[in-house]
Structures are given as structure tokens and as C-alpha cells.
Number of protein chains: 2
Amino acid sequence: MVDDSKETASAIERLCIEHGLKMTGQRRVIARVLSEAEDHPDVEELYQRAAEIDSRISVATVYRTVRLLEEKGILERRDFGGGRARYESRDNGQHYHLIDVDTGKVIEFEDEQHVALITAIAEKLGFNLVSHRLELFGKKREKIADGGAKKGQSDKNAVLAKKASVRKRG
Amino acid sequence: MVDDSKETASAIERLCIEHGLKMTGQRRVIARVLSEAEDHPDVEELYQRAAEIDSRISVATVYRTVRLLEEKGILERRDFGGGRARYESRDNGQHYHLIDVDTGKVIEFEDEQHVALITAIAEKLGFNLVSHRLELFGKKREKIADGGAKKGQSDKNAVLAKKASVRKRG
DNA sequence: CTAACTGCAAACAATTTGCTCATGG
DNA sequence: CCATGAGCAAATTGTTTGCAGTTAG
């Protein structure tokens with residue numbers, strides 16, 4: 001919702017430059033679209049939005065750009081099922097998603113304890129955590145009038161990491 | 001690990017019958033393969049194993065069967081990256097997966113604290129946790145000669161990973 | 001100037017589907 | 001019997017790539 005006018009270089013464009021990427025017209029557009037996106041668009045969606053700004057863009061370029069940006073660590077790829085990859089800027093901070101099973105709405109939240117926990121688990125299993133994926137699916141509790149459902153911020157949950165038990169099938 | 005000879009109906013075959021599915025020869029074979037699998041085979045792998053038992057089976061049938069069983073809630077579909085869907089029987093109990101990013105090997109583990117944590121998080125956001133998804137991706141720590149890292153349950157997955165590295169993502 | 005980029009269409013890989021024949025219950 | 005299922009190949013879908021022409025730096 002930030003007003004990124006055509007003049008200003010978008011946040012992602014700046015990152016591209018930092019990474020020494022050639023800033024072509026189409027990349028600039030895609031970067032802007034990505035910077036402005038507050039959701040998790042798939043390539044097709046990105047393509048639409050980009051084409052709205054400049055129609056001289058092909059899907060192939062969107063695919064290539066998105067892949068490049070992911071490799072550079074600028075974007076993060078998500079798989080919410082449905083067969084298509086979805087992307088979001090990585091500098092939105094580390095956060096997770098809770099999907100409202102009734103409305104399909106996605107709520108973002110962060111939680112350091114979770115990271116600590118799974119890091120500990122991985123370590124316990126003899127691994128260094130490279131990345132991970134977490135999605136919660138929930139039903140809203142119909143009680144409190146004000147939901148505050150926009151962008152939750154959760155910090156202090158009590159449980160702490162210590163106990164991960166390996167399980168072998170049998 | 002039980003010796004399911006041709007005589008005995010496999011666990012999944014029994015479930016199929018309970019669900020009123022017509023038990024054809026190929027379904028019986030696929031059901032058996034699935035019941036005996038201790039890893040998370042993709043369709044191609046299932047096809048191979050099934051064909052070994054009875055070569056009159058086509059991939060299309062495997063796809064159709066696996067989809068059907070998933071709809072019936074007998075199988076669970078997993079996406080460990082690599083582009084192919086992988087399946088495992090649902091009655092194997094609640095557990096998570098840690099994927100070795102180098103070998104593609106999958107390690108299963110369970111952790112009660114994790115459930116407690118995410119339940120608390122969901123609650124804090126005003127939701128009741130319905131379900132969730134968690135996958136860890138890690139690199140094995142090869143340093144200390146501790147030896148306690150060999151927790152894997154299937155070598156088949158390593159093979160799959162190698163095969164899948166045609167040109168996909170990792 | 002030239003290595004990097006783009007568009008386009010063809011190539012691909014995973015999965016689905018139309019159609020015809022086979023078969024379980 | 002006949003509704004279901006199987007086989008096979010053609011069709012779809014999401015994504016990648018070869019090639020020839022463009023362009024940023």
C-alpha cells in the first residue's frame with residue numbers, strides 16, 4: 001500500500017542492483033510488482049500485473065526473473081498446493097502463514113520460538129537446518145468482536161525447545 | 001515389515017474394501033505395494049514396484065488409484081520438492097519429515113512440543129488449529145564422529161532424489 | 001562493444017483424460 | 001450384466017530452453 005511511484009526505484013529493484021543485476025525495463029516492472037505485492041502471487045498473476053504496467057513482457061521473462069531472484073535470495077518461493085509456485089519478497093521478514101480454512105484468507109505471523117524449536121530438532125537429528133516450511137490451518141474462534149486479523153504478531157509462547165524424538169517406522 | 005504374501009489382503013486393500021472400492025488385480029497390487037512401502041514413493045516409483053509384481057499395470061492406473069485413495073483419506077500426499085508428489089499411508093501416525101537436501105533422504109520424527117507451540121500460536125491469533133504442515137530441510141553435519149546421525153529409514157529415497165535431479169529444483 | 005536479457009515457440013516433465021475394451025460383483 | 005476400471009496415447013498444465021534479435025553498462 002506504500003506509494004511507489006514510477007520514479008522511485010522499488011525495494012526489490014534496489015536489491016537487484018546491489019546484486020549486480022542488469023536492470024532492464026521488464027525487470028524493473030517485475031521488481032515493482034513484487035515490491036508492491038502484499039500477497040503471494042504465482043507467476044501467472046505476476047505476469048498479469050506486470051503486463052498491466054507494460055505489456056511488452058512475456059511469461060518466460062517472469063519465470064526467468066523470478067527464478068533468478070530466488071537464487072539471489074531476494075524472493076522466496078512458496079508452495080501452498082495447487083500446483084503453482086508462489087512468491088513473496090524475502091525482506092518481509094521471516095514469517096509464517098495461517099490459512100483460515102473457512103475463508104481461505106492467509107494470515108501472516110512470526111514466532112522466534114518456533115525457529116528455535118525446529119533448529120533444535122534438526123540439530124538433534126544431526127542436521128543443520130537449511131530451510132523449512134510451516135503452514136497452519138485454522139478455524140476462527142467466533143467470540144471476540146475485534147479479530148485484528150490483518151497481520152498478527154506473536155512473540156512469547158511458553159514452550160521451549162528441547163525434546164525431539166526420532167521415530168522410525170515399524 | 002510384516003510378510004504380506006499374496007494370500008493375505010494388505011492393510012490398504014482392506015481399507016479399500018471398507019470404502020466400497022472395486023478390487024481389481026492392479027488395485028490389489030498397488031495397495032500391497034503401498035502397504036509394504038516404508039518410504040514415501042512417488043508415482044513413478046510405485047509404478048516400478050507394482051510392475052515388478054504384475055507387469056500389466058500402466059502409470060495411468062497408478063495415478064488414478066493414488067488419487068482415489070487420497071480422496072478416500074487412505075493415502076496422504078506429500079510434497080518434498082523435486083516436482084513429484086509422494087505418497088504414504090495415512091495410518092502411520094502423526095509425524096513430521098526432515099529432508100536431507102543433499103541426498104533427498106527423508107527422516108521422520110515426532111515432537112509434542114511443536115504441536116503445543118503451534119496450537120498456542122493459533123490460539124493467540126484467534127483460531128482453533130485444524131491441521132498443519134511442517135517440513136524441515138537440512139544438511140547433515142559430517143564433522144563429529146559421533147555416529148548418531150544415521151537415523152534414516154529408507155535408502156530408496158536417495159535413489160529417487162538422484163533420479164529426480166534431472167534438472168529440477170533442490 | 002558484448003555479455004546479459006528478451007520474446008517466442010518448441011521442448012519438457014508430471015499428471016489428466018477421452019475412448020474403447022475388459023471385468024468385478 | 002453393466003457400472004467401474006484399465007490401457008494407451010493424446011491432451012493439459014506449469015515451467016524451462018534454444019535461438020536470434022535487443023539492450024544495459
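Sequence lines set the chain letters: A, B, ... in the order given, protein chains first and strands last, and positions in each chain run from 1.
With distances taken from any side-chain atom of A:Y63 to the nucleotides D:dG14, D:dA6, C:dC5, the minimum falls on D:dG14. Here the side chain of A:K22 is nearest to one of C:dC5, D:dC8, C:dG25, namely C:dC5. Checking D:dT15, C:dC5, C:dT15 against every side-chain atom of A:R84, the shortest atom distance belongs to D:dT15. The side chain of B:V43 approaches C:dT15 more closely than any other nucleotide in the set D:dA6, C:dT17, C:dT15. Closest approach to the A:T24 side chain among C:dT6, C:dT15, D:dA6 is made by C:dT6 (side chain taken as heavy atoms from C-beta onward). Each of D:dT17, C:dG24, C:dA4 was ranked by its minimum atom distance to the side chain of A:R64; first place goes to D:dT17.
Protein atom CD of A:Q26 is 9 Å distant from nucleotide atom C1' of D:dT23, rounded to whole Å. Note: CE (A:M23) to C1' (C:dC5) measures 12 Å, nearest angstrom. Atom P of nucleotide D:dT4 and atom CG of B:L69 are separated by 17 Å, given to the nearest angstrom. A:E70 has its CD atom 13 Å from the C1' atom of D:dT15, to the nearest Å. Note: CZ (A:R77) to C1' (D:dG14) measures 12 Å, nearest angstrom. In this structure, the CG atom of B:D79 is 10 Å from the P atom of C:dT15, given to the nearest Å. Rounded to whole Å, atom C1' of C:dT16 lies 7 Å from atom CZ of B:R67. Spacing between atom CZ of B:R86 and atom C1' of C:dA14 amounts to 15 Å, rounded to whole angstrom units.
Backbone-only contact: B:R27 has heavy atoms under 4.0 Å from sugar-phosphate atoms and none from a base.
Nearest heavy atoms, A:V115 versus A:Q94: CG2-NE2, 4.3 Å.
When each of A:R32, A:K22, A:R28 is tested with A:E13 by the rule salt bridge (Lys or Arg N to Asp or Glu O under 4.0 Å), just one qualifies, namely A:R28.
A donor-acceptor pair shorter than 3.5 Å can be found between the side chains of A:H40 and A:E108.
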Applying ring pair (Phe, Tyr, Trp, His ring centres under 6.0 Å) to A:F109 and A:H95, what does each step give before you reach the verdict? CA-CA 5 Å; A:F109 67 91; A:H95 64 265; 8.6 Å; no
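Ring geometry for B:H114 against B:Y96 counts as perpendicular: the plane angle is over 60°, on a 0 to 90° scale with 30° as the lower cut.
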